[in-house]
S.K.: 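Mind having a look at this structure? Questions to follow.
So that the names make sense, note that chain A is the first sequence line, chain B the second, and so on, each numbered from 1. Everything numeric in this text was worked out from a predicted model, so none of it was measured.
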Amino acid sequence: MSRDRFERGLLRVLRPVVILVLFLATAFPFLYMVMLSVRDIQELILEPGSLWPNSFTLDTYVNVLTRQGFLTFMRNSAVVAVASVAFTLLISIPGAYAVARLRFFGRRQVHFLFLAVYLFPAIVLAIPLFVLFTMLGLRGSLIGLILVYIAQTVPVTVYMLRNYFETVPQSVEEAAAIDGCTRLSTIWRVVLPLSKPALMATGLYAFMIAWNEFLFALLFLVEKRERWTVSLGLSQLAGSIEIPTTVLMAGSVVLTLPIVIVFFASERLLTEGLTAGAEKG
Amino acid sequence: MSRPLTLRRQEGRAGLALISPTLVITLVVVVLPLLWAIMLAFQDARLINIRRAGVFGHYTLENFSYVVSEPGFWSSLVNTLVYTVFGTGLSIVIGLVAALALRDRFRGRTLVRASILIPYVAPVVAVAFLWETMLNPQYGIVNTWLKEPIAFLTQAKGEFLGMQVPVALLTVIAFEAWRYFPFAFLFILARLQALPGELDEAAVVDGATPTQRFRYVIMPQLWRTIALLSVLRFVFTFTKFDDVYLLTGGGAGTEVVSVRVYNFLTSRDDIGASAAQAIVLAVFLVVFLVLYLRFFSGAGGDREQR
């Protein structure tokens with residue numbers, strides 16, 4: 001019994017310590033990011049160790065949004081992300097419904113194909129797409145980028161939606177069919193309204209991928225500054241000496257904030273959708 | 001007799017029709033480019049002469065022999081492996097610890113949980129730049145706490161407790177573990193919460209200590225989730241490009257194969273060699289995966305028999 005008591009006592013002490021360390025390790029960097037973004041560069045160089053600024057300034061944000069062009073970058077990112085979400089949903093809803101409900105030739109193979117796409121290294125894909133888009137003159141346009149993002153997210157969103165569609169009772173759909181609904185109108189009028197949480201989760205997943213992505217944005221857009229996404233803009237400007245670090249930290253906040261808001265508005269939905277397969281093991 | 005058959009066929013047609021947009025986009029943007037990448041790897045393709053390299057072009061193994069004999073290739077492969085194994089292992093271990101610590105309710109759990117997930121959802125460019133700033137030898141906050149500044153990201157070798165350590169590589173691995181432990185945390189926590197409570201309670205009644213319960217009750221049930229996680233993280237990390245590229249640009253002993261692939265593609269404009277290198281990377285990945293599955297599906301079977 002003494003070993004038991006010792007271990008329980010130890011865990012009672014260790015657990016809060018572990019929680020505190022994890023919390024600090026994840027929250028502190030982001031606090032640092034926000035704090036740097038509202039102070040002056042002179043102050044940072046004089047007192048690099050202090051976390052709380054002597055005086056707050058929002059000039060960094062004005063500078064990064066207007067002079068460095070982040071407003072344009074944000075517009076590009078928003079266009080890419082919203083279009084990716086719309087087309088991803090448009091494509092994966094029928095696909096997921098087919099996989100969940102309909103028996104068709106090759107249904108099993110489709111699963112394998114999607115898993116393969118999900119695990120497929122982007123760096124291998126980057127080469128032919130880079131060449132193809134160069135040849136087609138699509139480099140420097142956002143359309144090519146949107147196409148790539150759709151293809152990268154569709155396997156996962158089909159999987160997430162399929163899991164949810166399978167929980168919609170089949171009897172409801174049969175009732176709709178008896179009432180004279182065609183297959184498409186059954187999906188539109190019965191399945192989709194019942195699947196709103198899953199639709200939200202998949203849409204947000206697609207949004208996050210499109211907003212955060214870097215490699216393909218770098219490959220396709222780097223030569224056209226007015227087409228840069230926020231990620232690309234930050235990475236390109238981060239190397240330059242002329243722009244103060246504090247201004248770029250403001251850019252980092254601008255890049256991170258939308259995704260954090262979106263994520264926390266939907267955290268439960270999203271994590272349930274993504275880890276649904278883990279419970280079955 | 002013919003009615004059910006036609007209904008079945010109707011369903012099959014509808015299924016194919018509904019799945020076809022998904023299939024078309026994955027074929028056009030993933031499968032066909034992959035095949036083309038393989039073709040390019042066997043051709044002398046540069047961005048200037050790419051229009052002349054067709055399907056029936058001249059095929060050669062030169063790219064592969066060139067890529068493999070180039071200085072730096074094998075060391076980058078070793079870097080990739082070290083980076084992947086330690087990054088994957090660390091992120092899973094920390095994720096497991098985090099999931100166990102946050103398993104039971106406590107005040108502020110929602111806040112801590114939310115904070116833990118931010119590194120994973122935040123854009124890689126922002127967090128890489130954040131780490132660069134924090135670790136900066138001139139004005140980074142980490143170095144103000146140290147007696148002597150350390151150039152974490154630009155220094156290949158350093159001395160620690162009298163030992164030679166690869167500073168930049170370790171930093172990149174730490175970044176990987178920090179950024180991806182939430183992924184492991186999410187999966188393990190989901191599994192933990194789905195575990196039936198009775199087993200654990202029975203073990204308490206039998207007088208099992210916390211570590212015994214962890215070892216004999218919880219771990220056996222987590223094993224499959226952890227195996228799945230290690231495969232997923234291994235695959236993603238092995239071919240990862242952006243983290244290392246953004247942090248070090250592949251300098252200071254952190255060059256991984258994917259960064260080399262990118263450099264061959266953009267600064268040398270050598271598409272063939274770049275593709276060959278990417279294919280070699282993918283082949284190694286498949287070999288490791290097969291080895292892993294051989295090794296671990298055997299071990300998993302033993303465990304279930306017990």
S.K.: Let me know if Leu113(A) has heavy atoms under 4.5 Å from chain B in its side chain, its backbone, both or neither.
M.R.: side chain
S.K.: Pick one of side chain, backbone, both or neither for Leu246(B), based on which atoms fall under 4.5 Å of a heavy atom in chain A.
M.R.: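 It is the side chain, since no backbone atom gets that close.
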S.K.: Measuring from atom CZ of Phe175(B) to atom CG of Leu135(B), what distance do you get when rounded to the nearest 0.5 angstrom?
M.R.: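 Reported value, rounded in 0.5 Å steps: 10.0 Å.
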S.K.: Would you mind checking which part of Ile187(A) comes under 4.5 Å of any heavy atom in chain B, side chain (CB onward), backbone (N, CA, C, O), both or neither?
M.R.: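 The answer is the side chain of Ile187(A).
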S.K.: Between Val257(B) and chain A, which part of the residue has a heavy atom less than 4.5 Å away: side chain, backbone, both or neither?
M.R.: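 Nothing of Val257(B), per the 4.5 Å heavy-atom cut-off to chain A.
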S.K.: Looking at chain A, which one of Ser20(B), Pro33(B), Pro21(B) has the largest number of heavy-atom pairs inside 4.5 Å, strictly under?
M.R.: Pro33(B)
S.K.: Measure distances from Leu36(A) to the heavy atoms of chain B and classify the residue's part below 4.5 Å as side chain, backbone, both or neither.
M.R.: side chain
S.K.: Please classify the contact between Tyr205(A) and chain B as side chain, backbone, both or neither, with a heavy-atom cut-off of under 4.5 Å.
M.R.: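 Contact with chain B: none, neither part.
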S.K.: I'd like to know if the side chain of Tyr245(B) pairs up with that of Lys240(B) as donor and acceptor (distance under 3.5 Å, no hydrogens or angles considered).
M.R.: no
S.K.: Please flag which part of Arg213(B) lies under 4.5 Å from any non-hydrogen atom of chain A: side chain, backbone, both or neither.
M.R.: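 It is the side chain, since no backbone atom gets that close.
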S.K.: Where does Phe114(A) contact chain B at under 4.5 Å (heavy atoms): side chain, backbone, both or neither?
M.R.: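 Side chain only.
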S.K.: Tell me, out of Gly140(B), Gly108(B), Ala14(B), Ala128(B), who's got the most heavy-atom pairs with chain A below 4.5 Å.
M.R.: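 Option with the greatest count: Ala14(B).
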S.K.: Could you tell me which portion of Leu20(A) (side chain, backbone, both or neither) has an atom closer than 4.5 angstrom to a non-hydrogen atom of chain B?
M.R.: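 Neither part.
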S.K.: Checking Leu32(B) against chain A: side chain, backbone, both or neither under 4.5 Å from a heavy atom?
M.R.: neither
S.K.: Measure distances from Leu23(B) to the heavy atoms of chain A and classify the residue's part below 4.5 Å as side chain, backbone, both or neither.
M.R.: side chain
S.K.: Does any backbone or side-chain atom of Val110(A) lie under 4.5 Å from a heavy atom of chain B? Answer side chain, backbone, both or neither.
M.R.: side chain
S.K.: Given a strict heavy-atom distance threshold of 4.5 Å, which part of Val29(B) is in contact with chain A: side chain, backbone, both, or neither?
M.R.: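 Both backbone and side chain.
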S.K.: Which bit of Met33(A) is near chain B, if near means a heavy-atom gap under 4.5 Å: side chain, backbone, both or neither?
M.R.: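 Both the backbone and the side chain of Met33(A) come within 4.5 Å of chain B.
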S.K.: Between Thr133(B), Val231(B), Thr26(B), who has the most heavy-atom pairs with chain A when the cutoff is under 4.5 Å?
M.R.: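 Winner by heavy-atom pair count: Thr133(B).
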S.K.: Can you tell me which portion of Leu35(B) sits under 4.5 Å from chain A's heavy atoms? Options are side chain, backbone, both or neither.
M.R.: neither
S.K.: When you compare the side chains of Arg39(A) and Thr246(A), does any donor N or O come within less than 3.5 Å of an acceptor on the partner?
M.R.: no
S.K.: Between Val204(B) and chain A, which part of the residue has a heavy atom less than 4.5 Å away: side chain, backbone, both or neither?
M.R.: side chain
S.K.: Would you mind checking which part of Arg101(A) comes under 4.5 Å of any heavy atom in chain B, side chain (CB onward), backbone (N, CA, C, O), both or neither?
M.R.: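 Contact with chain B is through the backbone of Arg101(A) alone.
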S.K.: Would you say the side chains of Arg191(B) and Gln221(B) form a donor-acceptor pair under 3.5 Å?
M.R.: no
